[in-house]
Amino acid sequence: MEIMGFVIWVICGLLFVGIGIYDYMSKKQVGFWANFDVPEVEDVIGFNKAVGRLFIIYGVVFILIGIPLIPSIFYKNMLLVFIPIIGTIFETIWLMVYFVMKIEKDYYPKKVYKKREKKRKKKSF
């Protein structure tokens, strides 16, 4: 029964890989943020490939972070469960930061990106 936790973890990671492959192959512009209007990018294929690679990497790392769940099955050591939990938090933060700092900066139109930078500077103290 304990092995089901790791199996579900891998299935979730494979879903992220599947989303990444779909985004990578898509001809229509994909979105990253939920409920957010994405500005039109000039290089749609390059943007989709960048987002697709990001999700594929996220899914693979997600699966690798779940490996400490395997010894916790046999040794009943609940402390190993915290490694995937904390690792997923840091990985998700990295995903969002990388998207904003690299992909958004490279592919969003310059006027949209500059407008966002001005808003961020006004809000910061």
field: Reported CD1-to-CG distance for the pair Ile57 and Leu54, which is rounded to 0.5 angstrom
entry: 6.5 Å
- request: Using the side-chain contact (heavy atoms from CB on, under 4.5 Å) rule, take Lys49 and Ile45 through it: C-alpha gap first, then chi angles, then the decisive distance, then the call.
  value: CA-CA 6 Å; Lys49 288 186 178 191; Ile45 294 174; 3.8 Å; yes
field: Linked, directly or transitively: Val30 and Ile56 (ILVMFWY side chains, under 4.5 Å)
entry: no
- prompt: Counting N and O atoms only, with roles assigned by atom type, does the side chain of Asn48 sit under 3.5 Å from a partner on the main chain of Lys28, one being a donor and the other an acceptor?
  reply: yes
- prompt: Rounded to the nearest 0.5 Å, how far apart are CD1 of Ile65 and CD1 of Ile86?
  reply: 11.0 Å
field: Gly20 versus Phe55, closest heavy-atom pair with distance
entry: CA-CB, 3.6 Å
- prompt: Shared ILVMFWY cluster between Leu15 and Val51, side chains joined below 4.5 angstrom?
  reply: no
query: Hey, quick one: are Val60 and Phe62 part of the same hydrophobic cluster, counting side-chain heavy atoms closer than 4.5 Å, chains of contacts allowed?
result: no
statement: So CD1 of Ile11 and CE of Met4: to nearest 0.5 Å the spacing works out to 7.0 Å
- request: Measure the spacing between CD of Gln29 and NZ of Lys27 and express it to the nearest 0.5 Å.
  value: 14.5 Å
message: Test of understanding: with side-chain hydrogen bond (donor to acceptor under 3.5 Å, both in side chains), list the residues that count as partners of Ser26, not counting sequence neighbours.
response: none
- request: Decide whether Tyr98 and Leu64 are clustered together by the hydrophobic rule: side chain heavy atoms of Ile, Leu, Val, Met, Phe, Trp, Tyr closer than 4.5 Å, transitively.
  value: no
- prompt: In Å, rounded to the nearest 0.5 Å, how long is the span from CD1 of Ile8 to CZ of Phe6?
  reply: 12.0 Å
message: Quick check: is Ile21 connected to Val10 through a chain of hydrophobic side chains (ILVMFWY, heavy atoms under 4.5 Å apart)?
response: no
- request: Can you see which heavy atom on Ile103 is nearest to which on Ala50, and at what distance?
  value: CD1-O, 3.8 Å
- request: Check salt bridge (Lys or Arg N to Asp or Glu O under 4.0 Å) between Asp106 and all other residues, then give those that pass, not counting sequence neighbours.
  value: Lys102
- request: Evaluate the side-chain contact (heavy atoms from CB on, under 4.5 Å) criterion for residues Val17 and Tyr22: first the C-alpha distance (whole Å), next the side-chain angles of each, then the deciding distance (0.1 Å), finally the verdict.
  value: CA-CA 9 Å; Val17 171; Tyr22 175 78; over 6 Å; no
- request: Taking the side chain as every heavy atom from C-beta outward, state whether Glu91 and Leu95 have any pair of such atoms under 4.5 Å apart.
  value: no
- request: Tell me, yes or no, whether the heavy-atom count around Met96 atom CE, taken from other residues, nucleotides or ligands under 6.0 Å, exceeds 12.
  value: yes
- prompt: What heavy-atom pair brings Pro68 and Ile83 nearest, and what distance separates the two atoms?
  reply: CG-CG2, 3.7 Å
- prompt: Among Tyr107, Tyr58, Phe32, which residue meets the ring-ring contact (aromatic ring centres under 6.0 Å, His included) test with Phe99?
  reply: Phe32
- prompt: Is there side-chain contact between Tyr108 and Phe47, with at least one heavy-atom pair below 4.5 Å?
  reply: yes
